[in-house]
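Everything on this sheet refers to the single structure shown next.
Keep in mind that what you see is a predicted model, and the values were worked out from it rather than measured.
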Amino acid sequence: MPRDDRHIPPLAEVRRITEKKRDAWWTVMLVDPVATPLVRWTAMHTRVTPNQITWGAFIVGLGSAACFTQGDWRWLLLGALLYHVSFIFDCMDGKLARLTGTGSVFGAWLDFVFDRIRVVVCAAALMGGQYARTGDVLYIWLALAVTFLDALRYIDSLEIFKIRHTMRKQIKTRMRAARKAQNQAELAFMEDLLRDNPEADMEHDRAVTAGGEMGADFETPFAAAVIEASFPTADQPRDLHAPGAGAVATAPAPPRKAAVVDLQQEFRRRFPWWTRCRSFLMRHRIRAHLISGIEFQMGVFIIGPALDSIGVATVVSGALLLVFELAIIYKLLLSTRDFARTLDSFETTA
């Protein structure tokens, strides 16, 4: 039976609930405008579950692989179209889960596993079809490269997440110990505040300019940019009609005088122009990692087949992915230096 549409909010509210605060530019520009209305329609008129959509995305992805094996441009174009449809379905399962509250741990696992299988199968099919058509062994190596790069970026992102989580946990532990007997401001991290308030980058720059080299006029002693930030609170709602406001309007705001630890201080100092670019992208819901795994897959499985230029598209997409992954690793290196200085500042203060 169809769902009662009185329980499904208007499209604007569905966007706020289901769309991520920051996402890949391919998703923001080419997927969400289609996937979000489809999710609302699905929730209103069907009893389809997120896991069923995950299965649907996987099956359509296999259809894309079948087209790729043919090698002919017309089949490649159809395969590219099916791959994009598969990715739209892949985005819909998570949106439907958030909208209806029907997500599960198993569903997240299923989505992850099917995504990896789809990449491997489509890579083998696409490059195998081109090898059968041309006899060029280069396509065999490209299939291995696509599989390797897809696995590498997941391993890299997982390890970076673990390291960042460990650094934040240690800083919070030191902060609680230092302020155990005092009723002072809570602790927040600059990257979280910037995620919820893209305009904060400029506020931070002005604060740094006014305060000198990180801490000259601030009340806190920490070396790694501990400042008092003035961000909107619950009783100061944002303009919901401002660009990008819908994705962050209800985000919980930190205390008005929160001590903010910036673990990206050295990166900001070395690349001040990137702060402005990042702010611009965040205001449009686009994450700063412009060539991530999503754009890499789309370059290989959509742009390459559509242009009948598999080799060039794969090499360019892989090179751009590596450049951005190396940039993230470099940023992590600078962040660990800020982390070490922050911990040292606790010892100095003690």
Side-chain angles (χ1 to χ4, degrees), residues 2-3 5 7-46 48-50 52-61 63-64 77-103 111 114-115 118 122 195-196 198 238-251 277-307 313 317:
R3 296 182 184 275
D5 58 2
H7 299 295
I8 304 301
L11 182 59
E13 181 67 8
V14 172
R15 292 187 188 281
R16 187 193 66 80
I17 295 172
T18 64
E19 293 179 355
K20 297 178 181 179
K21 294 179 180 179
R22 289 187 304 163
D23 214 332
W25 64 265
W26 186 284
T27 303
V28 172
M29 300 173 63
L30 301 175
V31 176
D32 281 349
V34 177
T36 305
L38 283 178
V39 164
R40 183 173 183 268
W41 184 91
T42 300
M44 289 176 60
H45 301 291
T46 75
V48 172
T49 67
Q52 289 172 339
I53 295 181
T54 301
W55 274 99
F58 181 64
I59 293 172
V60 175
S64 174
L77 189 59
L78 179 58
L81 176 62
L82 288 178
Y83 196 90
H84 188 62
V85 172
S86 174
F87 186 69
I88 290 176
F89 285 171
D90 189 38
C91 293
M92 285 177 61
D93 57 6
K95 294 178 185 296
L96 184 64
R98 289 189 288 273
L99 180 62
T100 60
T102 55
D111 183 48
F114 278 180
D115 283 350
R118 179 180 58 186
C122 285
R195 184 179 299 111
D196 291 337
R238 296 184 183 175
D239 180 6
L240 297 181
H241 300 287
V248 298
T250 60
C277 293
R278 183 176 184 269
S279 297
F280 173 80
L281 293 172
M282 290 177 65
R283 285 195 294 271
H284 294 81
R285 287 205 310 118
I286 298 175
R287 62 190 179 195
H289 192 183
L290 294 177
I291 308 296
S292 64
I294 292 175
E295 289 80 14
F296 171 66
Q297 290 182 40
M298 303 311 149
V300 174
F301 299 123
I302 294 181
I303 297 177
L307 299 178
S317 299

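- Put simply, the side chain of Thr49 does not reach to within 4.5 Å of the side chain of Thr54, judged on heavy atoms.
- Annotation: side chain of Thr27 is in contact with side chain of Phe87 (closest heavy-atom distance under 4.5 Å).
- Put simply, the side chain of Trp26 never gets that close to the backbone of Val31: no donor and acceptor are under 3.5 Å apart.
- Judged by distance alone, the side chain of Glu19 and the main-chain N or O of Arg16 form no donor-acceptor pair under 3.5 Å.
- Summarising the geometry, atom CD1 belonging to Ile53 is positioned 10.5 Å from atom CG belonging to Asp90; distances are rounded to the nearest 0.5 Å.
- Contact between Leu281 and Ala288 at its shortest, heavy atoms only, is CD1-CA, 4.0 Å.
- In this structure, the side chain of Thr42 engages the main chain of Leu38 through a donor-acceptor pair within 3.5 Å.
- Relative orientation of the Phe114 and Phe58 rings is parallel, given thresholds of 30° and 60° on the angle between their planes.
- Of all the heavy atoms in Ala43 and Thr100, the pair that sits closest is CB-CG2, 4.2 Å.
- Going from atom SG of Cys91 over to atom CG of Leu96 covers 13.0 Å, rounded to the nearest 0.5 Å.
- A donor-acceptor pair is defined here as one N or O able to donate and one able to accept, closer than 3.5 Å; such a pair exists between the side chain of His289 and the backbone of Ile291.
- Taking CD1 of Ile294 as the reference point, atom CG of Leu30 lies at 11.5 Å (rounded to 0.5 Å).
- When all heavy atoms of Ala313 and Gly304 are compared, the closest pair comes out as CB-CA, 3.4 Å.
- The backbone N or O of Val60 lies less than 3.5 Å from no partner atom in the side chain of Ser64, so there is not a single donor-acceptor pair.
- The heavy-atom pair separating Arg118 from Ser86 by the smallest distance is NH1-OG, 2.7 Å.
- Between Pro37 and Arg15 there is a side-chain heavy-atom pair separated by less than 4.5 Å.
- In this structure, Trp41 CH2 and Thr36 OG1 are separated by 15.5 Å, a value rounded to the nearest 0.5 Å.
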Working for side-chain hydrogen bond (donor to acceptor under 3.5 Å, both in side chains), residues Glu295 and Ser317: CA-CA 8 Å; Glu295 289 80 14; Ser317 299; over 6 Å; no
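- Formation of a donor-acceptor pair under 3.5 Å by the Thr18 side chain with backbone atoms of Leu99 is not found in this model.
- In this structure, the side chains of His84 and Phe301 stay at 4.5 Å or more apart for every pair of heavy atoms.
- Atom NZ of residue Lys95 and atom NZ of residue Lys20 lie 8.0 Å apart, to the nearest 0.5 angstrom.
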Side chain to side chain contact (heavy atoms under 4.5 Å, CB included) between Asp23 and Ile286, intermediate numbers included: CA-CA 5 Å; Asp23 214 332; Ile286 298 175; over 6 Å; no
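- With contacts defined as side-chain heavy-atom distances shorter than 4.5 Å, the pair Pro305/Leu77 does not qualify.
- Side chain of His284 to main chain of Phe280: a donor-acceptor pair is present (N/O by atom type, distance under 3.5 Å, no hydrogens or angles).
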Residue pair Asp32, Arg285: steps toward the salt bridge (Lys or Arg N to Asp or Glu O under 4.0 Å) verdict: CA-CA 11 Å; Asp32 281 349; Arg285 287 205 310 118; 2.8 Å; yes
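- Here the CZ atom belonging to Arg287 is positioned 12.0 Å from the CH2 atom belonging to Trp25, to the nearest 0.5 angstrom.
- Side chain of Arg40 to backbone of Pro9: a donor-acceptor contact under 3.5 angstrom is found.
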